[in-house]
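Heads up: the structure comes next, in structure tokens.
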2 protein chains.
Amino acid sequence: MNPSLNPCDVIADFPLFSGLSSEECLSITSAGRLFEVAPGEFFFHQGEDSTMLYVILTGRTKLSQITSEGNQVIVNYFGPGEGLGIIMALNRMPYPLSAEAIEPCTAIGWSRDAMLDLMKGNSQLALNGMNMVGQRFTQMQNRFQELATQRVEQRLARALLRLVRQFGRRTEKGILIDISLSREDLAQMTGTNLYNVSRILSKWDSDGLITTGRKQVTLLKAHELVVLAEDIPPPSHTPE
Amino acid sequence: MNPSLNPCDVIADFPLFSGLSSEECLSITSAGRLFEVAPGEFFFHQGEDSTMLYVILTGRTKLSQITSEGNQVIVNYFGPGEGLGIIMALNRMPYPLSAEAIEPCTAIGWSRDAMLDLMKGNSQLALNGMNMVGQRFTQMQNRFQELATQRVEQRLARALLRLVRQFGRRTEKGILIDISLSREDLAQMTGTNLYNVSRILSKWDSDGLITTGRKQVTLLKAHELVVLAEDIPPPSHTPE
DNA sequence: CGGTCACTTGAAGTAGGTCAAATTACGTGG
DNA sequence: CCACGTAATTTGACCTACTTCAAGTGACCG
């Protein structure tokens with residue numbers, strides 16, 4: 001009955017809790033613990049044994065992976081309602097990626113065993129977990145396909161559109177992607193390098209599609225980006 | 001009690017049934033139906049509404065996806081014990097890919113609702129399902145990373161090694177990948193085109209790493225492929 | 001005001017994509 | 001069993017997208 005530790009009003013429409021009564025929400029959340037993570041700190045690091053899983057209440061988190069060759073790949077950014085470590089914690093494997101707070105974050109965390117017990121006793125919860133994993137699987141698969149078949153320009157356009165959906169904020173100039181977002185970050189999201197990203201953004205900037213700043217991007221003509229994202233390569237030479 | 005419709009002895013160590021009693025296995029399998037799918041036929045097509053999910057008993061299946069631009073991507077090959085449509089059927093979304101039998105297949109199939117009911121009544125089953133989805137997620141993520149950071153040659157080496165693990169069969173010459181496997185197939189698995197694959201395979205062939213035939217590959221020196229797969233690019237010019 | 005960090009831009013090199021054509025294997029029907 | 005047609009594969013040549021290196025510019029921080 002402690003509202004500060006049981007923000008059920010907030011989490012009621014989180015996917016993990018959908019279809020659950022408020023009593024169930026209460027007992028599930030009270031089996032966990034509230035965490036606060038400062039920007040730059042990590043919920044967990046890639047390779048660590050996965051003992052905890054979290055659902056974000058507030059703040060944004062960056063999920064990234066480092067390859068054996070030392071290349072970093074940004075897999076995703078997560079915000080409120082999304083789960084961290086759900087997949088792996090329930091599979092008893094080391095975390096395959098690192099989760100870093102890029103803003104002050106609060107989250108509810110459970111130990112793996114606690115969550116497994118909860119799920120065993122509440123199959124709706126287990127199904128919700130499975131749905132979340134499934135969602136992420138689909139996203140991942142789409143990005144895989146993207147990477148396999150599209151050119152950098154299209155992938156970059158899609159990445160921006162995804163980010164806008166997650167972090168877009170209307171301003172008087174256009175739609176700002178409201179997170180710190182360097183060229184390097186975008187490169188790591190799209191499987192290329194910062195030079196390439198810089199060139200493409202510069203081009204779009206001078207074409208009036210976007211405005212760029214230091215670690216930020218604002219979309220001016222989102223529709224044109226959609227056209228780019230859907231490919232349709234420009235007619236190279238006019239065939240009669 | 002009909003052994004032909006309830007091959008519990010076979011499925012006992014399938015991941016979906018792990019930790020379940022034979023009574024539970026029995027009641028779960030009997031809620032499903034046995035399917036036989038001939039080579040070239042499909043369990044389901046991409047985009048169809050996902051009403052059924054399957055667990056393969058025998059035979060191999062190819063999972064592929066077609067992009068909006070018409071490019072095909074081979075996501076995976078699945079064999080006995082693996083699930084088809086688990087992710088999507090439980091998420092109430094259209095199948096994101098097509099599942100085609102490449103050998104005579106038998107599988108148990110359930111309607112989505114039947115499986116959801118079973119899982120609601122048996123949370124171990126739900127957890128098993130989640131584990132399977134999690135496994136596939138991890139695989140997908142690794143391949144994503146691969147595609148984002150590695151060159152075609154490495155990706156091809158890895159693809160072959162993966163295929164060997166799934167379909168490798170010792171022969172007197174080496175380890176044969178025992179499925180029909182064209183250059184085009186390999187290209188669609190690694191995000192490149194058949195010309196590129198053909199060139200690389202030819203090179204490896206003349207280096208004695210593999211032997212190739214029409215729609216087949218045999219590994220001779222698997223270890224050398226592992227070296228290639230782990231990258232370590234050849235020293236371009238000897239630095240003192 | 002100096003230093004660092006993010007970003008830009010140029011130039012050169014390369015992996016890989018594309019197109020075209022030749023070659024080889026396979027299967028079928030005669 | 002052979003000849004033919006088709007499909008798989010190889011190979012060459014060219015070209016473009018992308019990477020890499022290098023040098024410079026601009027922005028924020030102390």
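Both backbone and side-chain heavy atoms feed into the values below; hydrogens, waters and symmetry mates do not. In what follows, chains carry the letters A, B, and so on, assigned in the order in which the sequence lines appear, proteins first and then strands, with residues in each chain numbered from 1.
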Rounded to the nearest Å, what distance is computed from the [atom1] atom of residue [X] to the [atom2] atom of nucleotide [N]?
X        : N      : atom1 : atom2 : result
A/Asn71  : D/dT19 : CG    : P     : 11 Å
A/Leu194 : D/dA22 : CG    : P     : 15 Å
A/Leu156 : D/dA17 : CG    : P     : 16 Å
B/Leu147 : D/dC18 : CG    : P     : 13 Å
A/Glu153 : D/dC18 : CD    : P     : 8 Å
A/Asn196 : D/dT20 : CG    : P     : 10 Å

Could you report the tightest heavy-atom contact between [X] and [Y], atom names first, then the distance?
X        : Y        : answer
B/Ser98  : B/Gln46  : OG-N, 2.8 Å
A/Pro104 : A/Pro39  : N-CG, 3.5 Å
A/Ala38  : A/Ala101 : O-CB, 3.6 Å
B/Ile56  : B/Phe14  : O-CE2, 3.4 Å
A/Cys105 : A/Thr61  : SG-OG1, 3.7 Å

Without placing hydrogens or testing angles, list every side-chain donor-acceptor pair under 3.5 Å for residues 188-200 of chain B, not counting sequence neighbours.
{"unit_1": "B/Gln188", "atom_1": "NE2", "unit_2": "B/Glu184", "atom_2": "OE2", "d": "2.9"}
{"unit_1": "B/Thr190", "atom_1": "OG1", "unit_2": "B/Leu186", "atom_2": "O", "d": "2.8"}
{"unit_1": "B/Thr190", "atom_1": "OG1", "unit_2": "B/Ala187", "atom_2": "O", "d": "3.4"}
{"unit_1": "B/Thr192", "atom_1": "OG1", "unit_2": "B/Asn196", "atom_2": "ND2", "d": "3.2"}
{"unit_1": "B/Asn193", "atom_1": "OD1", "unit_2": "B/Tyr195", "atom_2": "N", "d": "3.2"}
{"unit_1": "B/Asn193", "atom_1": "OD1", "unit_2": "B/Asn196", "atom_2": "N", "d": "2.8"}

| By side chain to side chain donor-acceptor pair (under 3.5 Å) - contacts of A/Arg60 (at least two apart) | none

| query | Can you list the residues that meet the side chain to side chain donor-acceptor pair (under 3.5 Å) rule with A/Glu48, with sequence neighbours excluded? | reply | A/His45

| note | Taking five pairs at each terminus, the helix from C/dC1-D/dG30 to C/dG30-D/dC1 shows an axis bend, to 10°, of 40°

| task | Within residues 200-218 of chain B, find the residues that approach DNA chain C with a heavy atom at under 4.0 Å, and present them sorted by residue number. | result | B/Arg214

| Residues two or more places apart in sequence or in another chain: which of them pass salt bridge (charged side-chain N to carboxylate O under 4.0 Å, His left out) with B/Arg162? | B/Glu146

| task | Quick one: which residue pairs count as a ring-ring contact (aromatic ring centres under 6.0 Å, His included) with a foot in residues 47-74 of chain B, not counting sequence neighbours? | result | B/Phe35-B/Tyr54, B/Phe43-B/Tyr54

| task | Would you classify A/Asn193 as touching base, sugar-phosphate or nothing, given that sugar-phosphate means primed atoms plus P, OP1 and OP2, and contacts are heavy atoms under 4.0 Å? | result | base

| How would you give the extent of chain B contacts on DNA chain C, as first and last nucleotide 5' to 3' within a 4.0 Å heavy-atom cut-off? | C/dG16 to C/dC26

Please tabulate, one pair per line, all N/O donor-acceptor pairs under 3.5 Å involving side-chain atoms of residues 75-86 of chain B, not counting sequence neighbours.
{"unit_1": "B/Asn76", "atom_1": "ND2", "unit_2": "B/Gln139", "atom_2": "OE1", "d": "3.3"}
{"unit_1": "B/Glu82", "atom_1": "OE1", "unit_2": "B/Gly79", "atom_2": "N", "d": "2.9"}

Name every donor-acceptor pair, under 3.5 Å, that has one atom in a side chain of residues 213-227 of chain A and the other anywhere in the protein, sequence neighbours excluded.
none

Strictly under 3.5 Å: I want the nitrogen or oxygen pairs between protein and nucleotides 13-16 of chain D, one per line.
{"unit_1": "D/dA13", "atom_1": "N6", "unit_2": "B/Arg199", "atom_2": "NH2", "d": "3.1"}

| task | If a pair satisfies side-chain hydrogen bond (donor to acceptor under 3.5 Å, both in side chains) and one of its residues is in residues 85-96 of chain B, list it, with sequence neighbours excluded. | result | none

